[in-house]
Undergrad: 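First, the structure itself, so that you have it in front of you.
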Protein chains: 2
Amino acid sequence: MVTIADVARHAGVAPSTVSYVLTGKRSISPQTRTKVRESIRLLGYHPHAGARALATSRANVVALVLPLRPGVHLPVVMRFVTAAVTTARRHDMDVLLVTADQGAQGLRRVAGSAQVDGFLVMDVELDDDRVPLLRQMAQPSVLIGRPAAVKGLTCVDLDFESAGARCVDHLADLGHRYIGFLGAPSVVYQRNTGYAQRTMAGFGAAAMRRGIASTALPAEDDYESVLASVRSLLRTQPAMTALVVHNEAALGWVAGSLRALGRRVPDDVAVVAICPDELAEQMQLTSVQLPAEELGRQAMELLVARLNGHPTAPLTLLPPKLAGRASTAPRLRRA
Amino acid sequence: MVTIADVARHAGVAPSTVSYVLTGKRSISPQTRTKVRESIRLLGYHPHAGARALATSRANVVALVLPLRPGVHLPVVMRFVTAAVTTARRHDMDVLLVTADQGAQGLRRVAGSAQVDGFLVMDVELDDDRVPLLRQMAQPSVLIGRPAAVKGLTCVDLDFESAGARCVDHLADLGHRYIGFLGAPSVVYQRNTGYAQRTMAGFGAAAMRRGIASTALPAEDDYESVLASVRSLLRTQPAMTALVVHNEAALGWVAGSLRALGRRVPDDVAVVAICPDELAEQMQLTSVQLPAEELGRQAMELLVARLNGHPTAPLTLLPPKLAGRASTAPRLRRA
DNA sequence: TAAAGTTGTCGAAACGCTTCAATTCGGAGG
DNA sequence: CCTCCGAATTGAAGCGTTTCGACAACTTTA
């Protein structure tokens with residue numbers, strides 16, 4: 001391994017000088033700087049990460065805590081991940097993968113050994129057992145998602161309540177009066193997952209506010225279940241003319257199910273999805289965007305800010321944006 | 001931070017003794033051992049990862065190089081990831097996430113700074129520009145996938161050629177004589193991706209061998225394209241009674257497309273998928289399993305073996321396994 | 001009983017980097 | 001001409017581990 005001493009010798013300067021060239025923490029004459037840079041290039045020198053971490057007590061690594069349990073939609077997770085990694089790299093940080101199944105235990109281990117400078121935790125539940133630990137840890141953390149109490153934390157999330165409401169408003173404005181809601185798989189609700197519950201709540205409240213009849217049902221992620229759920233919704237509420245879907249995995253089967261039950265989209269039943277934009281685009285669905293990339297990016301930016309000692313708001317909510325597409329149309333008034 | 005010196009002081013021994021208790025590299029009397037262990041527990045001591053890496057020149061971290069480009073099916077990728085991470089943890093290693101878009105550049109950086117002890121590279125192309133670099137790097141690497149030349153490497157892959165052939169054999173045994181092949185999105189083939197091409201090759205060769213007429217077409221991952229591809233296949237080969245699908249994203253729409261074109265599964269057209277077992281199970285498709293977990297696990301095991309100085313075979317091919325389900329049936333002989 | 005192991009423990013030297021205090025060296029100010 | 005100052009550079013002391021050689025205290029063996 002080529003060390004800083006090798007570079008120093010090659011350039012005819014002291015190791016400390018090389019270090020200062022690298023970090024820019026002291027002024028160095030242009031001649032020396034170029035000379036050192038040249039030696040670095042020639043020798044192919046890379047600072048030893050461990051040594052640096054030891055000397056600076058900064059690892060330049062953040063932990064990304066990934067959910068890998070039933071009900072989470074993996075492609076969406078990957079969107080978060082790429083955005084987070086890209087953003088981290090922009091700040092010269094690397095990303096250590098920690099799976100949620102390692103639990104609080106895993107966080108403690110990684111934090112204790114100073115392997116990482118901070119944590120980005122995804123898929124936080126309303127009442128998450130990792131939250132107390134995160135609060136008291138030396139390293140800062142940012143949560144994607146929103147536990148019951150955000151005091152002392154830094155959380156980023158889509159405003160799912162508004163998202164649910166936004167769907168209702170859009171449909172209500174188009175004249176729909178009976179709306180169904182197709183939610184995430186039931187395990188997600190059982191797990192007390194904030195985003196799912198809040199979307200439902202926002203949806204329900206908005207419906208009440210606008211005097212609209214609403215029915216909600218979870219949906220598992222296979223065709224049969226989706227079909228069953230849709231059939232059930234239609235049976236419960238025969239006048240239903242619109243459907244809000246908050247379930248990426250079910251999305252592909254909704255149109256088919258409706259068709260199988262003799263309903264056309266959007267003429268008989270309008271559909272609004274809450275999902276990443278690309279998915280909606282691909283299926284030509286009116287949708288409230290789930291800005292996974294934006295969330296991942298913002299979360300990482302906030303984490304970096306905290307690492308640099310800047311204070312951050314406990315809760316950042318991104319406003320939902322609705323994109324109109326072919327799956328919604330004004331309600332047809334029949335004779 | 002609580003250091004090894006703190007523990008030593010607390011236990012009334014030398015720091016080196018604590019180290020030996022931790023690593024077990026020298027015999028320690030039971031009394032001392034328990035005394036030290038107790039102090040460690042009490043003080044909540046965790047060895048500093050950087051310091052350890054510096055002293056041992058081992059980071060106990062492996063890099064996982066993830067593909068995040070169009071055409072890769074993210075849920076499958078995540079399966080690899082979880083298996084790899086779980087296996088790594090079993091060997092007391094952590095996983096650093098490197099996205100493929102960081103390219104050879106990123107590999108060099110991570111390797112040069114001694115952040116990781118080895119590399120697990122996913123989604124390797126037939127002619128991958130990272131391969132030469134991997135060959136000459138100090139750290140060992142294991143590839144999931146199979147470049148053109150495997151000499152000097154360690155590769156793990158499903159035997160896609162046999163997988164393609166296996167589908168043909170299954171269908172031929174059932175009496176089918178005209179078989180279609182629905183492949184990955186065309187970008188995947190353009191990129192010279194080994195697994196896609198090899199599956200096709202195996203499929204084609206087996207069809208020739210068994211005197212079966214075959215037609216192949218790529219499929220993009222939206223309903224319209226799948227429908228178009230299927231229609232095109234049926235037009236090209238009107239007598240087609242079976243379809244092999246090697247495209248996870250298209251899978252959900254194949255049955256629908258066939259139905260839309262007036263064909264029933266499996267009576268008119270039998271379908272065999274090449275995909276993870278759970279997906280096939282869920283859709284009740286006869287399939288050749290894509291053992292993502294198994295591949296991820298094996299790859300990591302091989303990497304650990306190499307890290308411990310054990311030699312490994314350049315290529316490990318997992319044999320394909322076919323699981324019969326409701327989507328295939330003997331060909332109906334019509335009058 | 002002396003020599004030759006064993007076993008358990010310790011002290012000190014690495015590992016490769018950063019950073020503080022000290023030093024040198026021109027040039028500006030008196 | 002001497003002093004003082006700022007800019008550029010250096011030497012050495014850490015950062016928290018591991019590990020090697022040394023050593024004391026026993027236990028065998030001769």
Side-chain angles (χ1 to χ4, degrees), chain A residues 1-37 39-40 43-61 92 94 109-117 138, chain B residues 1-37 39-40 43-61 92 94 109-117 138:
Chain A
M1 171 160 212
V2 30
T3 74
I4 201 172
D6 299 329
V7 175
R9 205 169 315 125
H10 185 270
V13 299
S16 45
T17 304
V18 177
S19 177
Y20 286 124
V21 168
L22 244 26
T23 62
K25 293 196 177 172
R26 284 213 182 165
S27 55
I28 296 284
S29 74
Q31 303 91 295
T32 316
R33 199 193 338 263
T34 53
K35 203 171 44 179
V36 169
R37 290 240 174 88
S39 299
I40 288 179
L43 302 183
Y45 167 72
H46 287 270
H48 188 289
R52 189 170 255 187
L54 184 55
T56 58
S57 40
R58 272 274 228 154
N60 284 317
V61 176
D92 259 303
D94 278 285
R109 181 179 57 79
V110 169
S113 62
Q115 269 192 103
V116 303
D117 305 320
Chain B
M1 172 159 211
V2 30
T3 75
I4 201 173
D6 298 330
V7 174
R9 207 169 311 125
H10 185 270
V13 298
S16 47
T17 304
V18 177
S19 177
Y20 286 124
V21 168
L22 245 26
T23 62
K25 295 197 175 172
R26 279 202 186 172
S27 56
I28 295 285
S29 74
Q31 304 90 295
T32 315
R33 199 192 340 258
T34 52
K35 203 171 44 181
V36 168
R37 289 240 175 86
S39 298
I40 288 178
L43 301 183
Y45 167 73
H46 287 269
H48 187 289
R52 189 170 256 188
L54 183 56
T56 58
S57 41
R58 270 276 227 152
N60 284 316
V61 176
D92 260 302
D94 278 285
R109 180 179 58 80
V110 169
S113 63
Q115 269 191 105
V116 303
D117 305 321

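In the text below, chain A, chain B and the rest are named by the order of the sequence lines, each starting its count at 1.
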Undergrad: Could you give the distance from CG (A/Asp117) to CG (A/Asn60), rounded to the nearest 0.5 Å?
TA: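 A/Asp117 CG to A/Asn60 CG: 6.0 Å, rounded to 0.5 Å.
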Undergrad: At under 4.0 Å between heavy atoms, what does A/Ser16 touch on the DNA or RNA strands: base, sugar-phosphate, or nothing?
TA: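 Here A/Ser16 touches the bases of the nucleic acid.
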Undergrad: With sequence neighbours left out, what residues match A/Ile4 under side-chain contact (heavy atoms from CB on, under 4.5 Å)?
TA: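 Expected list: A/Pro15, A/Val18, A/Ser19, A/Tyr45.
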Undergrad: Once you apply a heavy-atom cut-off of 4.0 Å, does A/Ser19 come out as touching a base, just sugar-phosphate, or nothing?
TA: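 The residue A/Ser19 makes base contact.
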Undergrad: Shoot me the first and last contacting nucleotide of DNA chain D against chain B, ordered 5' to 3', at under 4.0 angstrom to non-hydrogen atoms.
TA: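 Range of nucleotides within reach of chain B: D/dG16 to D/dA22.
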Undergrad: Using heavy atoms to find the nearest nucleotide of DNA chain C for B/Leu54 and B/Ile28 separately, return the residue whose nucleotide is more 5′.
TA: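 Per heavy-atom nearest nucleotide, the more 5' residue is B/Ile28.
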Undergrad: Just to be sure I understand the rule, does A/Thr56 reach a base, reach only the sugar-phosphate, or reach nothing, if contact means heavy atoms closer than 4.0 Å?
TA: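 Touches sugar-phosphate only.
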Undergrad: Tell me the interatomic distance from B/Ile4, atom CD1, to C/dA13, atom P, rounded to whole angstroms.
TA: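 In whole Å, C/dA13 P and B/Ile4 CD1 are 18 Å from each other.
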Undergrad: Looking at every non-hydrogen atom in both residues, tell me the closest pair between B/Val2 and B/Leu43 and how far apart they are.
TA: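 In terms of heavy atoms, the two residues are closest at CG1-O, 3.7 Å.
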Undergrad: Rounded to whole angstroms, how far apart are NZ on B/Lys25 and C1' on C/dT9?
TA: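 My rounded result for the distance is 18 Å.
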Undergrad: Would you name the heavy atoms of B/Pro47 and B/Arg52 that are closest together and state the gap between them?
TA: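 In terms of heavy atoms, the two residues are closest at CG-NH2, 3.6 Å.
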Undergrad: Report yes if a donor N or O on one partner sits less than 3.5 Å from an acceptor N or O on the other, where the partners are the side chain of A/Tyr20 and the base of C/dC17; otherwise report no.
TA: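 Not at all, since no donor on one side and acceptor on the other fall under 3.5 Å apart.
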Undergrad: Indicate yes or no for a side-chain donor-acceptor contact from A/Arg26 to the backbone of A/Tyr20 under 3.5 Å, with no hydrogens or angles considered.
TA: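 No: the side chain of A/Arg26 does not pair with the backbone of A/Tyr20.
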Undergrad: Nearest heavy atom decides the nucleotide; on that basis, is B/Arg33 or A/Met1 closer to the 5' end of DNA chain C?
TA: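 That would be B/Arg33.
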Undergrad: How do B/Arg52 and B/Arg26 order along DNA chain D: which one's closest nucleotide is nearer the 5' end?
TA: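 Final value for this comparison: B/Arg52.
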Undergrad: List for me each residue that meets side-chain hydrogen bond (donor to acceptor under 3.5 Å, both in side chains) alongside A/His46, sequence neighbours excluded, and say none if there are none.
TA: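 A/His46 satisfies side-chain hydrogen bond (donor to acceptor under 3.5 Å, both in side chains) with no other residue.
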Undergrad: Can you figure out which of C/dA21, C/dT9, C/dT19 approaches the side chain of B/Thr32 most closely?
TA: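 Selected nucleotide: C/dT9.
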